[in-house]
Each structure stands twice: as C-alpha cells, then as structure tokens.
Number of protein chains: 2
Amino acid sequence: MSQPSSAPATSGPRARTRRAILDAAVSTLSKDVSASLGEIAKVAGVGRTTMHRYFPERSDLLIALTADADEHVNAAYERARLADGPASAALSRLCQELFELGETLQLLFNNPQLLTGTPWENDSESDPELVQLFERGRADGTLDPELDVDWAQQVFWALLYAAWMHALDSCVPKHTVLNQCLRTLTKTFGNADQGS
Amino acid sequence: MSQPSSAPATSGPRARTRRAILDAAVSTLSKDVSASLGEIAKVAGVGRTTMHRYFPERSDLLIALTADADEHVNAAYERARLADGPASAALSRLCQELFELGETLQLLFNNPQLLTGTPWENDSESDPELVQLFERGRADGTLDPELDVDWAQQVFWALLYAAWMHALDSCVPKHTVLNQCLRTLTKTFGNADQGS
DNA sequence: CAAATCTGGAACATCAGTGTTCCATTGAGA
DNA sequence: TCTCAATGGAACACTGATGTTCCAGATTTG
C-alpha cells in the first residue's frame with residue numbers, strides 16, 4: 001500500500017501535506033459546509049486521491065478538522081490567561097485571541113455541532129471557562145452583573161462573528177474592525193456603575 | 001396537464017399548498033440549507049411531485065422563498081415605523097418586529113446571498129433604512145455617535161440572531177430572551193452621554 | 001544507483017438528489 | 001352523478017459527489 005505512515009509526526013512531508021489539507025478544508029468549509037472534497041483538494045493543491053489517503057472518508061476529515069479547531073481555540077483561551085487581572089480585561093484579551101482564528105471561528109460559529117467541548121448534555125452552549133469568567137466579572141465588579149451568563153456567552157460569540165464578517169466584506173482593515181469590536185464589547189459587557 | 005393555474009390568488013387550495021411548502025422550506029432550510037427537496041416535501045405534508053408542480057426547480061423555490069422572506073422583513077420594517085419618536089425607541093421596535101420572524105430571520109442571517117435589498121454593489125450589507133435610522137439617532141442624540149454605521153448594522157443583526165438562537169436552545173421563554181436582547185441592544189447602541 | 005515512499009491522474013461502481021412522465025385516486029363544484 | 005383540477009406514488013434517466021483500485025511518474029532515502 002502507499003499509505004502515509006500512521007506516525008503522528010509533527011514535521012516531515014506527511015505532516016505538511018496534512019496541514020495543507022486541513023487549512024484548505026477550514027478555508028473552504030467556512031464558506032460552504034457542503035463543499036465537495038474535490039474543491040477542498042483543489043484549494044489544498046493536492047490530488048483527490050491523496051486526500052483520501054490522509055482522510056479515507058469525509059467524516060474522517062471532519063473529525064480531524066474539529067480536533068484541530070478545538071486545539072486552536074484552546075490555545076487562544078490559554079494565551080488569553082482568563083484568570084489574570086480584571087475580568088473585563090481578560091474578556092478583551094480573549095476576544096482578540098479568538099478574532100485571530102478568523103476562518104476557524106467562522107466555521108465553528110456556523111457549525112456549532114463541531115465543537116466538542118464536553119459532550120455531556122451540552123448541545124451548543126455553556127463553556128465552563130467563559131461562565132467562570134463572567135462570574136468573576138460579577139464578583140470583581142468589572143462586568144455587568146445584570147447579564148444572564150448564558151445570554152452573555154451567546155452575545156460574545158455573535159459579536160466575535162460579526163466582527164469577522166465585517167472584516168471580510170467591508171474594506172476596513174482588520175485591526176480597525178477589532179478595535180470597534182473591543183469598544184462595543186466593553187460597552188456591552190462592562191459594568192456601568194463602575195469604571196469600565 | 002395537472003398544473004395549478006398560474007393565477008397568483010391569495011386564497012383557495014392552491015395558495016394554501018403553496019404557503020405550506022414555503023413555510024416548510026423556511027423551517028427546513030433554516031436548519032440546513034442543503035436539505036433535500038424530499039425532506040421539505042415531507043415537512044410540508046406534500047408529495048415531492050406536487051412540490052415540483054409549484055416550483056419546477058430548486059432554484060424556483062429559492063427565488064420564491066427569497067421574495068416571501070423579503071416581504072416579511074419589509075412588513076416588519078413598516079410596522080416598526082422607524083421615522084416615529086426617538087431613534088433609540090424605533091430601533092427597539094424594529095428589533096421586536098424582526099425577532100418575531102424567527103426561522104425566517106435565521107435563514108436570512110445564514111444566507112445573506114438571499115437578501116435582495118437592492119442588487120447594486122450591495123454584497124451583503126448597507127440597508128438604507130437602517131443607515132438612516134442610525135444617522136437620525138446620532139442627530140437626535142439617542143444613539144451612540146461613535147459607532148460606525150456599517151459596524152452597527154452588523155452588530156444589530158448579530159444580536160438579533162443571537163437572541164433567536166438563544167431562544168431555540170435555552171429553555172428560557174421567548175419573551176424573556178427578547179427582553180434580554182432589548183436591554184443589551186439599548187446598552188450597546190444607546191448614547192451614554194444622554195438618557196438612554 | 002536502487003529501493004522505498006509518496007503522489008496524482010484515470011477509470012470504475014455506487015449512491016443520493018434531482019427532474020420528468022405516467023397513472024390511479026381524491027374531492028370539490030357544475 | 002359527472003367532470004375536472006389537484007394530488008401523490010411509482011418508475012425512470014441523469015447528474016454530481018463519493019470511495020476504491022490501479023498504475024506511472026516523482027521524490028526521498030539508503
């Protein structure tokens with residue numbers, strides 16, 4: 001057989017091809033979830049046959065895609081250091097980090113069924129880390145205590161998605177959009193009684 | 001032929017069947033744009049053959065769907081009487097009216113290519129009525145003058161979508177979600193310097 | 001160089017969705 | 001009751017996506 005070895009190496013030609021396919025899949029599927037494997041292969045600059053060697057079935061690709069996206073999201077969460085400083089600042093940092101995910105963000109927002117998180121009874125929402133952050137914000141007085149936590153999560157993701165979409169189809173540069181988003185975020189979630 | 005007469009009557013069995021198909025299409029496609037015609041027909045309680053009599057091709061159904069959705073959106077805009085009273089109140093009224101569109105809202109948000117609006121160079125945003133409303137809000141001092149109009153539009157729709165999604169997968173009753181949304185809307189778009 | 005590996009194109013069977021035709025049944029109105 | 005529009009099921013051809021196999025060329029490695 002001419003199967004690429006199953007070693008999960010992080011370098012070498014196999015890993016590079018795998019990366020190219022995953023990236024192309026994110027890019028393509030974020031615009032159209034029902035895009036064909038042929039289109040993805042073309043975007044990846046790879047033959048359809050080769051793609052089938054790395055991901056025998058479409059579902060295999062989707063699973064790998066999900067794992068990869070989750071990894072990126074988790075990395076963003078870690079970089080944001082949600083436990084440091086005032087909750088409002090942590091929320092802003094998280095927003096910046098997630099905004100950088102770009103197409104991955106778009107893909108996840110439009111296909112929440114991909115998000116694994118924790119499979120128990122979690123149909124689409126309630127991210128423990130976000131919940132904790134909002135509760136901390138209520139405690140330290142930097143986030144609006146009147147906001148329902150579930151609703152706040154929904155709005156947070158929607159704002160993020162809105163920012164990415166706006167960056168896509170307005171000619172405004174990304175960093176400007178991000179700044180608009182951060183100001184809106186602060187205004188929307190900040191505690192009006194306290195400073196910011 | 002057993003084609004339903006082409007008269008665009010608003011009553012009678014033909015209109016009723018047509019309505020049932022359009023409603024089923026909105027409901028089904030809002031959850032999955034690539035749903036098959038068979039599924040739509042089943043939801044509509046109609047044979048696939050009958051559906052092909054009303055909408056010969058998939059594209060015909062999509063066109064009719066778009067027209068129907070646009071009609072509902074326009075009706076919501078009219079009911080909101082955007083020109084009456086302070087701009088902030090008008091924005092709240094519009095939010096309430098659009099929220100009632102439910103699945104139609106969801107479908108349009110996820111498939112902005114459906115929105116006709118005005119086909120010239122309008123790829124996905126810039127609704128003249130909304131622009132005018134935000135500008136009026138800047139003039140009468142009830143809406144935040146620092147918000148970019150295009151960004152504000154994007155956030156407005158995202159907020160609306162977030163509310164509908166939250167209504168779908170949280171067990172909170174719709175009117176509660178709507179109230180949360182309206183409060184967030186006021187906080188996000190209101191002019192902090194002035195009352196509300 | 002020689003062997004092993006990786007690649008991509010071609011050909012193929014399969015399958016689901018689509019669009020069409022035909023026909024038997026239903027139901028409302030003349 | 002008779003008629004005719006409307007319906008829905010069955011059967012069919014067609015298409016595009018999918019998954020598989022085979023092979024020849026390219027690249028890497030010994």
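Naming convention: chains lettered A, B, ... in sequence-line order (proteins, then strands); numbering from 1 in each chain.
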Qualifying residues under salt bridge (Lys or Arg N to Asp or Glu O under 4.0 Å), relative to B/K31, sequence neighbours excluded: B/E103

Value in whole Å for how far the P atom of D/dA5 lies from CZ of B/R18: 21 Å

Donor-acceptor side-chain pairing of B/D127 and B/Y77 below 3.5 angstrom: yes

Under 3.5 Å between N/O atoms: give me all the protein pairs with nucleotides 16-18 of chain D, atom names plus distance.
{"residue": "D/dT18", "atom": "OP1", "partner": "A/R58", "partner atom": "NE", "Å": "3.0"}
{"residue": "D/dT18", "atom": "OP1", "partner": "A/R58", "partner atom": "NH2", "Å": "3.4"}
{"residue": "D/dT18", "atom": "OP2", "partner": "A/L37", "partner atom": "N", "Å": "2.7"}

Residue pair B/E78 / B/E97, side-chain heavy-atom distance below 4.5 Å: no

Residue-phosphate contact under 4.0 Å: A/T49 side-chain N/O, C/dA10 OP1/OP2: no

Salt bridge (Lys or Arg N to Asp or Glu O under 4.0 Å) partners for B/D68, two or more places apart: B/R19

With sequence neighbours excluded, residues passing side chain to side chain donor-acceptor pair (under 3.5 Å) with B/R183: none

Angle of first-five versus last-five pair axes in the helix from C/dC1-D/dG30 to C/dA30-D/dT1, to 10 degrees: 20°

Nucleotide nearest A/Y54 (side chain, heavy atoms from C-beta), chosen from D/dC22, C/dT7, D/dG9: C/dT7

Qualifying residues under side chain to side chain donor-acceptor pair (under 3.5 Å), relative to B/R58, sequence neighbours excluded: none

Length of the CZ-C1' vector between A/R16 and C/dC6, whole Å: 12 Å

Protein-nucleotide distance (B/D32, atom CG; C/dA16, atom P), rounded to Å: 16 Å

Throw together a table of side-chain donor-acceptor distances under 3.5 angstrom for residues 172-181 of chain B, partners on residues two or more places apart or in other chains.
{"residue": "B/N179", "atom": "ND2", "partner": "B/H175", "partner atom": "O", "Å": "3.4"}

Separation of C/dG8 C1' from A/K42 NZ (nearest whole Å): 15 Å

Nearest-nucleotide comparison on DNA chain D, the residue closer to the 5′ end among A/F55 and B/G47: B/G47

B/T50: partners by side chain to side chain donor-acceptor pair (under 3.5 Å), with sequence neighbours left out: none

Atom pair distance, as rounded to whole Å: CE in B/M51 and C1' in C/dT20: 14 Å

By side chain to side chain contact (heavy atoms under 4.5 Å, CB included) - contacts of B/A89 (at least two apart): B/P86, B/R93

